[in-house]
Student: 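This is the structure I have questions about; it appears just below.
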Amino acid sequence: RADIVGVLAAHGARLSACVRAARGRGELAGSNVRLLVDWVITPGGEVGDPQLHSPDEPLSAALTTCVQATLSACRFTPSQVGAPVHNYPLSTL
């Protein structure tokens, strides 16, 4: 978990910029929208299949694409068999 927190914190400015841009375009209705991400840490430490979702409202394609691109740039400690990460809240950044 510490590795995940550290890597995402290093990309926090880019992730925050995605959210700010979506808010600026009026794509997020409320200020308390929960944003959750799922992905798999591949055996090589890359991000596989990043997905953004919210239990609160549908998300725009632009926001989803921005977050997915940012997550895809992340590199984690390699996992021998791959490690799924589910419902990681972006608010922890």
Student: If you take all heavy atoms of H11 and V7, which pair is closest and at what distance?
Tutor: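 Minimum heavy-atom contact is ND1-O, 3.1 Å.
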Student: With clusters defined by side-chain heavy atoms of hydrophobic residues (ILVMFWY) lying less than 4.5 Å apart, directly or transitively, does V40 cluster with V37?
Tutor: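 No.
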Student: Looking at every non-hydrogen atom in both residues, tell me the closest pair between I4 and F76 and how far apart they are.
Tutor: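 So the minimum-distance heavy-atom pair works out to CA-CE2, 3.7 Å.
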Student: Does any pair with a residue in residues 63-76 pass side-chain hydrogen bond (donor to acceptor under 3.5 Å, both in side chains), and if so which ones, sequence neighbours excluded?
Tutor: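 Matches after skipping sequence neighbours: none remain.
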Student: What are the two closest heavy atoms between L71 and V47, and how far apart are they?
Tutor: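 Closest heavy-atom pair between L71 and V47: O-CG2, 3.0 Å.
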Student: If you round to the nearest 0.5 Å, how far is SG of C74 from CD1 of I41?
Tutor: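 Answer for the CD1-SG pair, I41 versus C74, is 9.5 Å.
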Student: Could you tell me whether N32 atom CG has more than 12 heavy atoms of other residues or ligands within 6.0 Å of it?
Tutor: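 Not buried by this count: 12 neighbours or fewer within 6.0 Å.
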Student: Grab the two heavy atoms, one from V33 and one from E57, that are nearest each other, plus how far apart they are.
Tutor: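 Distance-wise, the nearest heavy atoms are CG2-OE1, 3.2 Å.
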Student: Return yes if some donor-acceptor pair links the side-chain N/O of S54 with the main-chain N/O of L35 below 3.5 Å, else return no.
Tutor: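 Not a single qualifying donor-acceptor pair exists.
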Student: Indicate the atoms forming the closest heavy-atom contact of L90 with L52, along with that distance.
Tutor: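 Scanning both residues, the minimum pair turns out to be CD1-CD1, 4.2 Å.
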Student: Shortest non-hydrogen contact from L36 to P89?
Tutor: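 That would be CD2-CA, 3.7 Å.
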Student: Strictly distance-based, threshold 3.5 Å: is any side-chain N or O of D38 a donor or acceptor partner for the main-chain N or O of Q51?
Tutor: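 Not at all, since once roles are kept as given, no pair shorter than 3.5 Å links the two residues.
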Student: Can you name the side-chain hydrogen bond (donor to acceptor under 3.5 Å, both in side chains) partners of R14, sequence neighbours left out?
Tutor: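 For R14 there are no side-chain hydrogen bond (donor to acceptor under 3.5 Å, both in side chains) partners, ignoring immediate neighbours.
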